[in-house]
Chemist: 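Please read through the structure below; I'll follow up with questions.
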There are 2 protein chains.
Amino acid sequence: MSRWEPNARGRLEQAALDLYRERGFDQTTVTEIAERAGLTERTFFRYFTDKREVLFWGQERLRELYVRTIETAPESTAPIDTVVLALEAAVPVFHERRELARQRQAVIDANPGLQERELLKRAALAAAVTEALRKRGVADPVASLAADVGVIAFKTAFARWVNSPDEPDLSQLIREALDQLKAITRDDR
Amino acid sequence: MSRWEPNARGRLEQAALDLYRERGFDQTTVTEIAERAGLTERTFFRYFTDKREVLFWGQERLRELYVRTIETAPESTAPIDTVVLALEAAVPVFHERRELARQRQAVIDANPGLQERELLKRAALAAAVTEALRKRGVADPVASLAADVGVIAFKTAFARWVNSPDEPDLSQLIREALDQLKAITRDDR
DNA sequence: GTCTATAGTCCGATAGAC
DNA sequence: GTCTATCGGACTATAGAC
């Protein structure tokens with residue numbers, strides 16, 4: 001038997017999401033989150049640097065998955081296709097947590113401060129993808145442009161996926177978004 | 001004669017930029033900014049909702065310029081070209097303030113919190129561009145994809161422009177970035 | 001685990017412009 | 001009189017220091 005309940009981090013994350021949904025992000029104090037998780041405010045700040053960060057777990061795992069997928073992609077793969085491979089490799093992570101993703105996104109969409117943080121996380125992932133492409137010998141600015149295009153395609157696909165009543169395949173939505181993006185940037189129209 | 005020195009807002013903006021450069025964003029308090037501008041902390045918060053916002057004046061002007069340019073673009077112009085027209089219309093705004101833009105960007109680049117805010121402002125501009133395209137009859141998701149592609153091209157161009165020792169033309173850098181972006185998304189390679 | 005600085009809010013007061 | 005810009009003080013919660 002251990003002295004504390006296990007999984008303090010997970011309990012804080014769950015308590016925070018629940019409270020943000022119940023009464024809104026601004027109306028929730030860190031003290032309340034900690035109380036509901038059976039911990040103290042101080043402990044909250046040991047796990048998360050601030051009140052927003054508690055919603056963005058899984059970021060690190062996603063980053064590693066992207067980078068690893070890019071590292072192991074066939075050498076001949078074009079930059080943009082390499083990025084798509086990485087995005088598709090992460091699709092199961094989302095499919096397995098559809099309801100959680102939906103709830104989380106609803107909270108974020110209701111608060112500009114959380115949207116800021118989400119954008120920063122997305123930019124950090126784009127930077128990691130850019131770096132992984134560079135390591136494969138992709139020159140700048142092609143590396144960062146390919147990463148950014150991938151982010152746009154994913155963002156577009158995710159927005160549709162997360163709130164659809166039916167359950168479309170995220171991979172397919174990504175490919176669709178990318179196709180539309182290609183059509184837009186094609187010169188011959 | 002009025003009771004107060006004129007342009008309280010401008011004085012606060014200048015004082016804030018100077019202090020953020022001198023000692024860093026985190027090491028600067030709102031009280032110090034207000035003091036240097038000859039005002040009180042309370043007055044600072046009447047003009048700006050928070051400490052970051054003071055760096056992002058001009059945002060509204062830029063938004064109006066983008067929207068107006070899109071509204072008045074020739075009907076036959078393709079979505080992506082309409083966006084480029086808008087971006088180019090705003091180029092003089094930057095060319096006229098190169099040194100200020102440089103200083104501001106250096107402060108932002110040194111602080112994640114400010115980067116968050118910058119990303120949110122950029123997203124807000126993209127949303128305004130998307131909306132302006134929709135009003136011209138551009139369907140979704142083409143409207144938002146075109147806006148996002150424009151944002152990427154501008155971001156890429158701006159990053160090069162703002163720190164070049166020589167003074168390249170921002171318009172040309174935007175067109176170059178867009179060309180590279182088109183090459184990346186082209187299927188035939 | 002306690003203590004503290006500071007961001008950010010609220011309500012109200014005041015002084016001049018119109 | 002009304003409107004607007006500044007200031008004052010009290011207050012809470014975040015976040016970091018010790």
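Chain identifiers are assigned alphabetically (A, B, ...) following the order of the sequence lines, protein sequences preceding nucleic acid strands; residue numbering begins at 1 within each chain.
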Chemist: Using the six-membered ring wherever Trp is involved, compare the ring planes of B:Phe48 and B:Phe44 and label them parallel, tilted or perpendicular (cut-offs 30° and 60°).
Modeler: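 Correct class here is tilted.
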
Chemist: Do you know which two heavy atoms are closest between A:Leu87 and A:Ile174, and how far apart they sit?
Modeler: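 Residues A:Leu87 and A:Ile174, closest heavy atoms: CB-CD1, 4.2 Å.
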
Chemist: Does anything in residues 46-59 of chain B come within less than 4.0 Å of DNA chain C? Heavy atoms only, and list the residues if so.
Modeler: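 Per residue number, the list reads B:Thr49, B:Asp50, B:Lys51.
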
Chemist: Just checking A:Gln172: does its CD atom have more than 12 heavy atoms from other residues, nucleotides or ligands closer to it than 6.0 angstrom?
Modeler: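 12 or below, so no.
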
Chemist: Are the aromatic ring centres of A:Phe94 and A:Phe154 under 6.0 angstrom apart?
Modeler: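 A:Phe94 vs A:Phe154: aromatic centres under 6.0 Å.
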
Chemist: Using heavy atoms and a sub-4.0 Å distance, could you list which residues of residues 15-36 of chain B are near DNA chain C? By number, please.
Modeler: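 Output list: B:Thr28, B:Thr29, B:Val30.
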
Chemist: Which whole-number value in Å describes the distance from A:Phe44 CZ to D:dT14 P?
Modeler: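 Atom CZ in A:Phe44 sits about 9 Å away from atom P in D:dT14.
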
Chemist: Is it possible for you to check whether A:Arg104 lies under 6.0 Å from the centre of the six-membered ring of A:Phe56, through NZ or CZ, and within 45° of that ring's axis?
Modeler: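 The answer is yes, since A:Arg104 meets both limits relative to A:Phe56.
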
Chemist: Where the side chain of B:Arg42 is defined as all heavy atoms beyond and including C-beta, which of D:dT6, C:dG8, D:dG9 is the nearest nucleotide?
Modeler: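 Closest nucleotide among those given: D:dG9.
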
Chemist: Look only at the side chain of B:Arg136 and the backbone of B:Ala73, and say whether a donor-acceptor pair between them is shorter than 3.5 Å.
Modeler: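 Checking the backbone N and O of B:Ala73 against the side chain of B:Arg136, a donor-acceptor pair under 3.5 Å is found.
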
Chemist: Say whether, by atom type as modelled, one donor and one acceptor occur between the side chain of B:Lys135 and the main chain of B:Ile70 under 3.5 angstrom.
Modeler: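 Judged by distance alone, no pair lies under 3.5 Å.
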
Chemist: How far apart are the closest heavy atoms of A:Thr185 and B:Val149, and which atoms are they?
Modeler: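 So the minimum-distance heavy-atom pair works out to CG2-CG1, 4.1 Å.
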
Chemist: Heavy atoms from C-beta onward define the side chain here; which of D:dT14, D:dT6, C:dA7 lies closest to that of A:Phe45?
Modeler: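 That would be D:dT14.
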
Chemist: Would you mind reading off the distance between B:Leu12 atom CG and C:dG8 atom C1', rounded to a whole angstrom?
Modeler: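 In whole Å, C:dG8 C1' lies 16 Å from B:Leu12 CG.
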
Chemist: Report the residue (B:Thr43 or A:Glu41) whose heavy-atom-nearest nucleotide on DNA chain D is the more 5′ of the two.
Modeler: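 With B:Thr43 and A:Glu41 compared, the 5'-side residue is B:Thr43.
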
